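All values derive from a computational prediction rather than experimental measurement.
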Amino acid sequence: MSPGVFTVYRWELRKLRSQKRTYLGLGAAALVPIIFVVALATRGGGPNDVAFGRYVHDTGLAIPLVLLLFGSVWMFPLITALVAGDIVAAEDRNDTLKTILTRSVERHQVFAGKILATFTYAVAAIAITGVVSLSAGILASGFNSIVSLSGTRISATEGLGLVGASLLVYLIPIVAIACIGLLFSTLFRNSAAAIVGTLMFSLLVQLVGILPGLEGLGPYLLSTQFNAWQGLLRSPIDWAPIVRALWVCALYGIPALVAAGLVFLRRDVAGD
Amino acid sequence: MTAPAPIEVRGLCKSYGELVAVDDVDLTVEAGDVFGYLGPNGAGKTTSLRMMLGLIVPSAGSVRLFGRDPQVSVKALAGVAGFVEAPSFYPYLNGRTNLDLFAALDGGDARERIVEALEIVGLSHRAKDKVGTYSHGMRQRLGIAASLLRRPRLLLLDEPATGLDPGGMRDMRDLIRNLSGQGMTVLLSSHLLTEVEELCNRVAIVREGRVAYQGSLAELRRQAGSGYLLRTTDDERARQVAEAQAGIGEVQIRAESGLTFSAESESAVGALSLALAESGTLALELSPRHATLEDLFFRLTEGEEAGAAPRPDRALEGAT
Ligand SMILES: Nc1ncnc2c1ncn2[C@@H]1O[C@H](COP(=O)(O)OP(=O)(O)OP(=O)(O)O)[C@@H](O)[C@H]1O
Ligand SMILES: [Mg+2]
């Protein structure tokens, strides 16, 4: 069998499994929910000012939802950028592009493999946060029904399904952030710069939304898409923000990926 | 139809802004050659090799490997292996895993050759250690092993002996000789003339991106020519005598002492010694002198213009 995207993908995952930064990111994704639940349990009270904040002591289902809200500012973008910003730049750091590009895989296959590996990591990070926060939350606050944003009560099992679906919807802007990270990683050829750049980008677009006169842009900002999952927790389900998240994130992510791909395909591998 | 040559380079150029790193290089490496690509630091050897491997885009010109263009597809690298500058690896993976990775990217039965390749370069006992902990020479060896996985018909090596200890250099040379003996074509860049002399049948000598000489080593030796060295009690007087003498040419005063000349025959040399004695100039030393390739190499790579050495006699003439 001749090697291709899948070969690269498999080995990119293998490389991620051998790097500390992967465990740093995934570790944070697991640790933050635990710390959050422990703090809630020991200190009592709760974040009453955010959606579902009132219910953190009533049901474990509220825990992942509150974390999604808090995490969107910088935690999940950072966890994503940690790998997305590094995956191309690392080849520049180790000067290994010349090594892998003189084997039998084309540049576009190498790039595609890297994209897939980055997405896989992002999915893993969100999945870990989901599983850990649900488990810890249910242990601490029980597996009980939850009140939707429309005020209706949702059974625990149905709520569990909706939390799972919310995590999936949350992945849409996360993947867009990953694309931005890949672009910066390809452009800057330096992982620290790419990680900081990605984080800055995600923070700056949040700020655009509060500039006077630009409030109208709000629904189309990348940061807003981190709230799209809330549509699932209304009754009836409001699909509009989710549909919008899909195309808005595509508008951020696809051009970034295309630009990164073009740069990667054409660049000189000259060790500079 | 004859099979396309392993390497055919035509009009290859690469500029970085004002700097022309590779300037209109034509190169043909025939099957079975061990081709020396010789030049001083910054001559453009690595840059040329990068273009041959498809790593950088030429500013102009073309490369064909077995008739295929490495700029178009990595398929042109089928049967081709090598590395530029120091070979590089994933430092957090061990040697064996790095080779596993490359073999996966090579496809075919590359994987089955890993053990043998590690054996050939003498790294089997360290294969389980992270490459980050390898010494420079060990990485160099691992680079060769990584190349062998592809069972290449053409091997491109960029100063492979750099940083190796004497034993390592000898092993490297033995290996190249051995591979060449098995029918592999090798392009070897080097700034060591002795290395090229020992291994290569053909050379290109480059300076400042341009090829100053290309051809067989035997032809280069012939061009280096041979001559005579003469030291006398009065070199300036000796020069006048020698220049007036039939069958004697290319008289040059050397910077240190004495002069060099070429002679049509030994009897012309004998006649010169007689003429010198008659003029009252006493010969202190008169010996045949084989210009080394080294001289020619420096003349080709350091002269004011390609092929022309600065000539002390001209400087003298200018002064008088
Ligand atoms: N990426 C780059 N950007 C700018 N200039 C470059 C780049 N790569 C090479 N050069 C320049 O091109 C010239 C040739 O460099 P190259 O590395 O090909 O030389 P070399 O013959 O391999 O030298 P050495 O024997 O020292 O390895 C040098 O002047 C170098 O500074
Ligand atoms: Mg070099």
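Interface remark: B:N98 contributes no atoms to any contact with chain A (heavy atom separation under 4.5 Å). In this structure, no portion of A:K20 lies under 4.5 Å from any heavy atom of chain B. For A:R93, no part lies near chain B; criterion is any non-hydrogen pair under 4.5 Å. Only the side chain of B:K14 comes within contact range of chain A, judged by heavy atoms closer than 4.5 Å. The contact between A:E91 and chain B is made entirely by side chain atoms (from C-beta outward), counting heavy-atom distances below 4.5 Å. Interface residue B:E85: backbone and side-chain heavy atoms are both found under 4.5 Å from chain A.
Other residues, nucleotides and ligands contribute over 12 non-hydrogen atoms within 6.0 Å of the CH2 atom of A:W247. Counting heavy atoms of neighbouring residues, nucleotides and ligands inside a 6.0 Å radius, atom CZ of B:R173 exceeds 12 of them. The environment of B:Q71 atom CD is dense: over 12 non-hydrogen atoms of other residues, nucleotides or ligands sit within 6.0 angstrom.
Taking OG of B:S73 as the start and CZ of A:R107 as the end, the distance is 12.0 Å to the nearest 0.5 Å. Distance check: A:I100 CD1 to B:F89 CZ gives 13.0 Å after rounding to the nearest 0.5 Å. Rounded to the nearest 0.5 angstrom, B:K75 NZ and A:S2 OG are separated by 8.0 Å.
For the set B:V57, B:L93, B:D106, the count of heavy-atom pairs under 4.5 angstrom toward chain A peaks at B:D106. The greatest number of non-hydrogen atom pairs below 4.5 Å with chain A, out of B:A81, B:G54, B:A146, is found for B:A146. Each of B:T46, B:I56, B:V80, B:L53 has some count of heavy-atom pairs under 4.5 Å with chain A, and the biggest count is that of B:I56.
Taking 4.5 Å as the limit, every side-chain heavy atom of B:Y90 sits out of range of all side-chain heavy atoms of A:Q19.
The two residues A:R14 and B:T97 have their closest heavy-atom pair at NH2-CG2, 3.3 Å. Of all non-hydrogen atoms in A:P3 and B:A104, the two that sit nearest each other are CB-O, 3.3 Å.
Without hydrogens or angle criteria, A:K98 side chain to B:V84 main chain gives a donor-acceptor distance under 3.5 Å. A distance-only check finds a donor-acceptor pair linking the side chain of A:E106 to the backbone of B:V74 [under 3.5 Å]. Although no hydrogens or angles enter the test, the distance criterion places a donor-acceptor pair under 3.5 Å between the side chain of B:S88 and the main chain of A:D95.
The only option from A:R10, A:K15, A:E12 that meets the side-chain contact (heavy atoms from CB on, under 4.5 Å) definition with B:L101 turns out to be A:K15. Exactly one residue among A:T99, A:L101, A:V105 makes a side-chain contact (heavy atoms from CB on, under 4.5 Å) with B:L105. That residue is A:V105.
A salt bridge is absent between A:D268 and B:R50; no separation between the charged side-chain nitrogens and carboxylate oxygens falls under 4.0 Å.
B:R150 and A:T102 are not linked by any side-chain donor-acceptor pair at a separation below 3.5 angstrom, with hydrogens and angles left out of the test.
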